[in-house]
Amino acid sequence: MRVAVLSDVHANIVALDAVLATVGTIDAIWHLGDVVGYGPEPDAVVERLIERGALGVAGNHDLAAVGGREIDWFNPDARSAMEWTRRRIDDTTRAWLGGLPRTRTEAGVSLVHGSQRDPVWEYVTSRAIAQANIAILETSIGLHGHTHVPMAWVEADGRIEAIAPDAGSTVRFGGNRALLNPGSVGQPRDGDPRASWLELDTSLGAATWHRVAYDVEAVRSAMLDVGLPAPLCDRLRLGL
């Protein structure tokens, strides 16, 4: 089974469409939450994911968009963008976001936004955190997003190997348990402004990370035009 794994699209339809144009023939699209927030096109992104039959989970921004208390933990710029998002989204988007589960299992793979321990909020950013989450993983492979940074944590001989993949890198996990982060489609934070996504081949036991250039300036202009905070617009140029 060949799957396109996406995360943290953040209402960036230009980046999403650029990614979808490159995925080729796939069996499924899975998303790991934070479909909305920050960006200027929440309804368009949800519409596209519905069109493509994408399955996935809720992130903290998705929960906040439909009225959740998650917004109370946002920094001022994120909160301002979320307040705009709440006003902007239509009923179809609101219903779709509201129906997303916090955890999901597809084809023997676990999907969460944050981590196995805390599907919404925890960031997997160290070997210790990865090891604690792999210890409670109910499947061989766990997918997560939230950090906006592509990463693999692979268990081998009781140790955790941390792998920061470059574009085109393939990690073969075989029978080992692993946590895989596709990075962010709509707001990368690893110093590379290109959209990031993960190609998962469950038959081969392999994951390949891809980067896709998109029109950052068009998205930045669209964000400024609707009054979203300038720092959120500018960071797209840097991928930070």
* To do: State, without any angle test, whether Asn181 and Ser7 hold a side-chain donor-acceptor pair at a distance under 3.5 Å.
  => no
* Asked: Are more than 12 heavy atoms from other residues, nucleotides or ligands located less than 6.0 Å from atom CH2 of Trp121?
  -> yes
* Asked: Looking at CG of Asp8 and NE2 of His31, how far apart are the two atoms once the value is rounded to the nearest 0.5 Å?
  -> 11.5 Å
* To do: Determine whether the side chains of Glu199 and His210 contain a donor N or O and an acceptor N or O closer than 3.5 Å.
  => yes
* What do the steps show when you test Tyr214 against Asn12 for side chain to side chain donor-acceptor pair (under 3.5 Å), and what is the final call? -> CA-CA 10 Å; Tyr214 71 95; Asn12 187 338; 3.2 Å; yes
* Do the side chain of Asp157 and the main chain of Arg159 share a donor and acceptor less than 3.5 angstrom apart? -> no
* **Modelled atom types, side-chain donor and acceptor of Ser184 and Ser196, under 3.5 Å** => no
* To do: Could you work out the complete set of other residues in the hydrophobic cluster of Trp30, with links drawn between I, L, V, M, F, W and Y side chains under 4.5 Å apart?
  => Met1, Val3, Val5, Leu32, Leu55, Val57, Val109, Leu111, Ile141, Leu143, Val154, Ile163, Val171, Phe173, Leu180, Leu198, Leu200, Trp209
* Asked: Looking at residues at least two apart in the chain, or sitting in another chain, which of them share a side chain to side chain contact (heavy atoms under 4.5 Å, CB included) with Arg79?
  -> Ile71, Asp72, Phe74, Glu83
* Can you name the nearest heavy-atom pair linking Asp62 to Asp34, along with the distance? -> OD2-N, 2.6 Å
* Asked: Okay, side chain of Ser126, backbone of Ile129: is any donor-acceptor separation there less than 3.5 Å?
  -> yes
* To do: Answer with yes or no after comparing the ring centroid distance for His144 and His113 against a 6.0 Å cut-off, counting only values under it.
  => no
* **Arg172 atom CZ, over 12 foreign heavy atoms within 6.0 Å** => no
* Asked: Can you tell me if Asp166 and Ser169 form a side-chain donor-acceptor pair at under 3.5 Å?
  -> no
* Asked: Does a sphere of radius 6.0 Å around CD in Glu138 hold more than 12 heavy atoms from other residues, nucleotides or ligands, not counting ones at 6.0 Å or beyond?
  -> no
